[in-house]
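Counting starts at 1 for both ligands and their atoms, following the listed order. Just so it is clear, the structure is predicted and the values come from calculations on it, not from any experiment.
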Amino acid sequence: MSRAVDGSTIVAGVAGQPVKHSLSPQLHNAWLDAAGVNGVYVPFAPPVDGFRRFAEGLRGGAVRGVNVTLPFKEQALSVADRATARAQKAEAANLLIFERDGSITADNTDGLGLLGAFRDQAPGFDMRGGPIVILGAGGAARGAAAALAEAGAPQIRIVNRTLAKAEFVAGALGKTGRPYALDQAAQALAGATAVINATSAGLVNGGRLEIPLDATPEDAVVMDMLYRPLVTPFLQAARDLGRRTVDGLGMLVAQAEPSFEAFYGQAPPAGVDARALALKAMEIHG
Ligand code: ATR
């Protein structure tokens with residue numbers, strides 16, 4: 001980083017616990033460098049039980065805003081004084097803006113990230129073209145479902161290990177939602193235009209996700225929201241079947257773009273290969 005920090009430097013950052021593995025500081029600081037913006041983007045690691053105190057302490061706008069990652073996305077929404085419709089629908093926020101009047105605005109750009117990743121890696125895919133399957137019924141799945149519904153998906157099939165949670169998430173979608181248990185996955189996958197893994201299986205000690213991907217049509221697109229490793233076993237299984245795939249890194253980069261604009265008042269500059277940069281950071285930071 002070659003930028004000087006002075007009295008008018010715009011400060012923003014990312015809050016998570018842990019935050020060490022977040023790729024956002026690399027991305028945003030590279031964009032700041034390339035755009036010549038007087039700003040800085042810092043990682044924050046509030047204690048697991050201290051997010052509210054952390055966010056309350058930033059009221060007033062000395063820090064312009066923060067992205068929020070695990071495990072604070074739900075709390076981020078509850079600490080805010082107002083929230084965009086998409087954050088309310090996702091019941092979670094990944095972006096807080098600290099207004100000068102002391103109030104906090106919550107937004108959620110994860111849905112834009114999901115749609116952006118499809119646009120980049122599965123060009124021509126039509127969200128309105130048929131049923132889309134989401135695996136999982138946690139916060140990530142809820143956010144994905146809200147974004148797909150907004151983009152006009154005619155049917156959203158929620159497949160989850162715990163059926164009751166799938167029923168809850170599908171129920172919130174009204175006529176568009178359909179719940180399935182894990183052992184009904186083949187039924188859910190039949191005729192689907194896309195399958196999105198929003199479970200945490202494979203993460204930490206999550207275990208492996210056993211999904212009969214061969215039940216999808218040959219032209220179905222398969223996405224994983226996880227990106228460590230970049231080609232997850234789930235995506236590899238899809239590739240082995242010849243399916244088009246979309247990776248989680250595409251989503252990470254695409255959700256960072258509107259965040260950057262919210263913090264620094266301009267879109268990220270062209271000419272930075274954000275994906276290559278994130279990949280390099282993954283090699284260095286694990
Ligand atoms: P997040 O906020 O990241 O979505 P979460 O709310 O803990 O995290 O949700 C994790 C999701 O992954 C849940 O849908 C969970 O299924 P359950 O509702 O049955 O717990 C799913 N999940 C986690 N490990 C899994 C595994 N080994 N197999 C299948 N589903 C798994």
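Looking at G143, G138, A198, it is G138 that brings a heavy atom closest to atom 9 (O) of ligand 1. Scanning M225, K73, E210, R161 for the heavy atom closest to atom 26 (C) of ligand 1 points to R161.
Taking OH of Y227 as the reference point, atom CG of L23 lies at 4.5 Å (rounded to 0.5 Å).
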message = For a side-chain hydrogen bond (donor to acceptor under 3.5 Å, both in side chains) check, start with the C-alpha distance between T109 and N94, then their side-chain angles and the critical distance, and finish with the verdict.
response = CA-CA 7 Å; T109 65; N94 76 330; 3.0 Å; yes

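With R86 contributing its side chain and L112 its backbone, the two residues share no donor-acceptor pair below 3.5 Å.
Proximity of L135 to ligand 1, defined as any heavy-atom pair under 4.0 Å, is not found for any part of the residue.
Between D110 and R142, no side-chain nitrogen of the basic residue sits less than 4.0 Å from a carboxylate oxygen of the acidic one, so the salt-bridge criterion is not met.
A heavy-atom distance below 4.5 Å is found between the side chains of F263 and N67.
Note: an N/O pair closer than 3.5 Å links N160 and ligand 1 by distance alone. Taking any N or O of T199, backbone or side chain, none lies under 3.5 Å from an N or O belonging to ligand 1. Between G136 and ligand 1, no N or O atom pair is found at a separation short of 3.5 Å.
Those atoms of ligand 1 with a heavy atom of K165 less than 4.0 angstrom away are 17 (P), 18 (O), 20 (O). Listed by number with element, the atoms of ligand 1 under 4.0 Å from a non-hydrogen atom of A140 are 1 (P), 2 (O), 4 (O).
Using a 4.5 Å cut-off between side-chain heavy atoms of Ile, Leu, Val, Met, Phe, Trp and Tyr, with links allowed through other members, L115 and I132 fall into the same hydrophobic cluster.
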